[in-house]
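In what follows, a single structure is set out as structure tokens and then discussed.
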Number of protein chains: 4
Amino acid sequence: MIEIDKKSDTPIYEQIAQRIISQILSGSLRPGERIPSVRQLARQLSVNPNTIQKSYAGLLENGIIYSIKGKGDFVANNLNALRYMKKKELITELVQLTQEAKQAGLWIDELLSTVDSAYSERLI
Amino acid sequence: MIEIDKKSDTPIYEQIAQRIISQILSGSLRPGERIPSVRQLARQLSVNPNTIQKSYAGLLENGIIYSIKGKGDFVANNLNALRYMKKKELITELVQLTQEAKQAGLWIDELLSTVDSAYSERLI
Amino acid sequence: MIEIDKKSDTPIYEQIAQRIISQILSGSLRPGERIPSVRQLARQLSVNPNTIQKSYAGLLENGIIYSIKGKGDFVANNLNALRYMKKKELITELVQLTQEAKQAGLWIDELLSTVDSAYSERLI
Amino acid sequence: MIEIDKKSDTPIYEQIAQRIISQILSGSLRPGERIPSVRQLARQLSVNPNTIQKSYAGLLENGIIYSIKGKGDFVANNLNALRYMKKKELITELVQLTQEAKQAGLWIDELLSTVDSAYSERLI
DNA sequence: GTGGTCTAGACCACC
DNA sequence: GTGGTCTAGACCACT
């Protein structure tokens, strides 16, 4: 089940793409599996079909899904590449955040223990 | 010395505000000290004065600077509050990032060592 | 319907913000309802869109409205907080004014009867 | 003793004028009495003499002080007129404030009791 | 169509 | 010189 926040400042089409990617990464959508049709998802989220279309176009372009005319859109067999991409992205963000925190005067201990406890916590 | 990236997707006026804040946090701008005048900084960064104005308006509204008409803008005496705000903000981001990383399948060791080495690195 | 006074010494953008707030407080604009678009209101008041934008930016930052890109700006669900804020503000002003009046030699009866009759008066 | 707030957004020259007027109204400066010289007050408040000059020019124009070349500036014999002006001004403000409060949903009782207690309070 | 950002150029009050 | 407000016109991303 996908949920979006229309008030958020990250565009809806990107929110949807992120949700789908995270569903793939978490295994709740598997390679080869069909994802909801544009119209169906549009109805379900009460969002303009154009917006869904834009999400899917992005996923298609990055090889995360493939589409078969007349049948629908399916999760591609890219799981490892996808994981790798996401991982690199997260590491980059983490490096930036750490350096910013250092400059702002936080101690390394605070950062490490924050990461440690956040990792152990049960996800919401 | 302030540097900005006009191509970045974070607005110029916000980049400038962040730079000023980080200069205050790092101590290179002290409470009571004057910050560059709107026009001067505009010339220096080859940016429109209105854009600088917008940056300063934001800082003013948050009580980070105060302005005296005809004299200039000065760093307010909020250092502790500012540090606290920034710290809380960074910790929140770090928690989110950690949980996202966990869900994406990264190991705790990868995160901790990333933070550790990023912290030791010489800042650019 | 919003009216402004371009000659007033309170900036146009603030006049507009106040009008919107008072419309919310008086119930003529309800939470979730859309407020006029930037360009539309600009045309209607023959004011530059940037000025309207500045008004709305302030309301946005204070959580009084929220904006959805491509759709418009809407009244947030803050009515009680808003009422409380305004009330506290007005009471503070009233206290200051009263004390100033006392120091200037006005009698308490003059003040009370002024308030009383001003309150009964039909609003313009 | 006059005190000013350079950070305030009401101009310094106006702050000074207001202080002098309130000293006259409260009786601590009496008609015919000499007020501080421009240079003296400028030194005392560490303010540019031009600014003091502007204050005094305003007071002069409104007949609140008169100046004798080579001797200084003195409080005029206008006390009643001054009181009347100030009173009219305060009443006007009070009417506006009351109507705004009404529109914001405050009750007449709240306003009256606020005025009443503020009036009884010992001034700071 | 919508909001958001930016530029260029102007005017004002203040010090 | 300073900050603050406003106009006119442009571009962008989003729906």
Side-chain angles (χ1 to χ4, degrees), chain A residues 6-16 42 45-55, chain B residues 4 6-16 34-42 45-57 59-61 65-74, chain C residues 4 6-16 34-42 45-57 59-61 65-74, chain D residues 6-16 42 45-55:
Chain A
K6 291 192 183 179
K7 298 178 189 174
S8 163
D9 50 351
T10 69
I12 294 179
Y13 78 92
E14 202 180 320
Q15 288 186 52
I16 294 171
L45 303 177
S46 27
V47 154
N48 193 304
N50 287 330
T51 306
I52 311 286
Q53 190 62 38
K54 193 166 180 180
S55 290
Chain B
I4 56 167
K6 292 195 181 178
K7 295 169 193 164
S8 162
D9 52 347
T10 69
I12 296 179
Y13 77 91
E14 204 179 319
Q15 289 185 50
I16 293 170
R34 185 164 169 229
I35 65 177
S37 85
V38 171
R39 290 163 174 82
Q40 180 187 339
L41 191 53
L45 303 177
S46 22
V47 155
N48 189 290
N50 280 328
T51 306
I52 310 288
Q53 180 66 29
K54 196 168 179 180
S55 288
Y56 284 14
L59 295 171
L60 188 65
E61 209 166 315
I65 63 175
Y66 61 87
S67 84
I68 303 182
K69 271 186 198 168
K71 296 207 72 175
D73 297 292
F74 302 81
Chain C
I4 56 166
K6 292 195 182 179
K7 295 170 191 163
S8 162
D9 53 348
T10 70
I12 296 178
Y13 76 92
E14 203 179 320
Q15 289 185 51
I16 293 170
R34 183 162 171 232
I35 66 177
S37 84
V38 172
R39 291 164 176 80
Q40 180 187 340
L41 191 52
L45 303 177
S46 24
V47 155
N48 190 290
N50 280 327
T51 305
I52 310 288
Q53 179 66 31
K54 195 168 180 180
S55 288
Y56 285 13
L59 296 170
L60 188 65
E61 208 165 318
I65 63 175
Y66 61 87
S67 84
I68 303 183
K69 271 186 197 168
K71 298 207 71 175
D73 297 292
F74 302 82
Chain D
K6 291 192 182 179
K7 299 179 189 174
S8 162
D9 51 351
T10 69
I12 293 179
Y13 79 93
E14 203 179 319
Q15 288 186 52
I16 293 171
L45 303 176
S46 27
V47 154
N48 192 305
N50 288 329
T51 306
I52 310 287
Q53 190 62 36
K54 193 166 179 181
S55 289

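Each chain gets a letter, A, B and so on, in the order its sequence line appears, and its residues count up from 1.
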### Task
Specify the residue among C:K6 and B:S37 whose closest nucleotide of DNA chain F lies further upstream toward the 5′ end.
B:S37
#### Entry: Rounded distance [0.5 Å steps], CD1 in C:I35 versus CG in C:L41
8.0 Å
### Message
Could you report the tightest heavy-atom contact between B:S46 and B:K6, atom names first, then the distance?
### Response
O-NZ, 2.5 Å
### Query
What distance separates B:I68 CD1 from D:S8 OG, expressed to the nearest 0.5 Å?
10.0 Å
### Query
Can you name the side chain to side chain contact (heavy atoms under 4.5 Å, CB included) partners of B:T51, sequence neighbours left out?
B:I12, B:Y13, B:V47, B:N48
### Query
CG/D:D9 to NZ/B:K69 distance, rounded to the nearest 0.5 angstrom?
7.0 Å
## Note on the structure
Sorted by position of nearest nucleotide on DNA chain E, 5' first, the leading residue of B:T51 and C:R39 is C:R39
### Task
For residues C:K71 and C:R34, report the shortest heavy-atom separation together with the two atoms involved.
O-NE, 3.3 Å
## Note on the structure
Contact span of DNA chain F against chain B, any nucleotide atom under 4.0 Å from a heavy atom, 5' to 3', runs F:dG1 to F:dC6
### Summary
Here the pair of heavy atoms bringing B:T10 nearest to B:Q15 is O-NE2, 3.0 Å
### Query
For B:E14 and B:I68, take the nucleotide of DNA chain E holding the closest heavy atom to each; which residue's nucleotide lies nearer the 5' end?
B:E14
### Message
Mind checking if B:D73 touches a base, just sugar-phosphate, or nothing, with heavy atoms under 4.0 Å?
### Response
sugar-phosphate
### Task
Give C:L60 one of three labels, base, sugar-phosphate or nothing, depending on what nucleic acid heavy atoms sit under 4.0 Å from its own.
sugar-phosphate
### Query
Base, sugar-phosphate, or nothing: which does D:V47 touch, judged by heavy atoms less than 4.0 Å apart?
nothing
### Task
For C:T10 and for A:N48, find the nucleotide of DNA chain F with the closest heavy atom, then tell me which residue's nucleotide is more 5'.
C:T10
### Stem segments of DNA chain F by first residue number [Watson-Crick or G-U, under 3.5 Å, at least 3]
E:1-14 with F:1-14
### Message
Any base atoms under 4.0 Å from B:Y56, or only sugar-phosphate, or nothing? Heavy atoms, all strands.
### Response
nothing
### B:N50 side, atom CG; C:N50 side, atom CG - distance, nearest 0.5 Å
8.5 Å
### Message
Run the side-chain contact (heavy atoms from CB on, under 4.5 Å) test on C:L45 and C:I16 for me, step by step, so that the C-alpha distance in whole Å, both residues' side-chain angles and the decisive distance to 0.1 Å come before the verdict.
### Response
CA-CA 10 Å; C:L45 303 177; C:I16 293 170; 4.0 Å; yes
